[in-house]
Amino acid sequence: MAMSHDVRFWDTRERPDRRKSLQIRWTVNGREKSESFIAFALAHGRRAKLMTAARNSLPVSALAEADVLRRDLDAMSRKLDGKAAAVHERVAARQPG
């Protein structure tokens with residue numbers, strides 16, 4: 001299965017006529033996305049997070065492969081110390097009726 005990321009980012013743009021005057025823009029598979037912010041630090045931080053996610057994550061199509069999905073689910077169910085997280089199950093008693 002061929003996997004690719006088609007994510008592109010533009011520089012932060014200023015729109016002085018708006019309350020949230022700073023806008024970050026990017027495209028995913030040719031579809032434009034954007035978010036607006038009041039402060040430069042917020043806009044810059046969000047853009048950096050998006051760029052990191054695009055660089056370090058797998059495309060959603062990769063999750064169709066069972067071994068990739070299992071590996072990612074196992075990684076999400078671990079604590080920071082590497083131990084397995086506790087499974088929380090709530091079993092409700094069925095009421096007759």
Side-chain angles (χ1 to χ4, degrees):
M1 170 187 290
M3 294 181 236
S4 67
H5 291 286
D6 185 13
V7 181
R8 298 171 191 212
F9 294 91
W10 288 297
D11 288 336
T12 302
R13 97 174 156 180
E14 292 187 49
R15 303 176 311 162
D17 58 326
R18 307 271 176 110
R19 181 176 167 268
K20 293 183 176 182
S21 61
L22 298 163
Q23 184 181 50
I24 59 171
R25 296 184 308 150
W26 68 99
T27 61
V28 178
N29 292 330
R31 295 184 62 183
E32 189 173 325
K33 312 278 185 184
S34 67
E35 286 186 44
S36 298
F37 299 89
I38 294 174
F40 180 79
L42 296 172
H44 181 72
R46 177 67 172 150
R47 185 174 183 267
K49 285 182 182 180
L50 289 169
M51 292 177 84
T52 300
R55 185 174 46 252
N56 296 331
S57 66
L58 292 173
V60 174
S61 61
L63 298 177
E65 298 177 24
D67 58 328
V68 174
L69 181 59
R70 171 55 44 207
R71 185 189 71 225
D72 287 355
L73 289 173
D74 286 344
M76 287 188 291
S77 63
R78 300 233 169 244
K79 295 180 182 180
L80 293 176
D81 61 5
K83 296 179 183 174
V87 177
H88 297 284
E89 290 185 20
R90 182 178 172 178
V91 180
R94 291 187 173 226
Q95 300 294 324

Q: Are there more than 12 heavy atoms of other residues, nucleotides or ligands under 6.0 Å from atom CZ of R13?
A: yes

Q: Can you find a heavy atom in the side chain of W26 that is under 4.5 Å from one in the side chain of E35?
A: yes

Q: Return the CZ to CG distance between F40 and L22, rounded to the nearest 0.5 Å.
A: 7.5 Å

Q: Looking at every heavy atom in both I24 and R46, which two are closest together, and how far apart are they?
A: CD1-CG, 3.6 Å

Q: Treat each ILVMFWY residue as a node, draw an edge where side-chain heavy atoms are under 4.5 Å apart, and state whether F9 and L42 are in one component.
A: yes

Q: To check you understand the geometry: which heavy-atom pair defines the closest contact between R47 and W10, and what is its length?
A: NE-O, 3.0 Å

Q: Got S34 and R25 here, is their nearest side-chain heavy-atom distance under 4.5 Å?
A: yes

Q: What closest approach, in Å, do E32 and T27 show between heavy atoms, and which atom pair accounts for it?
A: CA-CG2, 4.0 Å

Q: What is the distance from atom CD of Q23 to atom OG of S36, rounded to the nearest 0.5 Å?
A: 4.5 Å

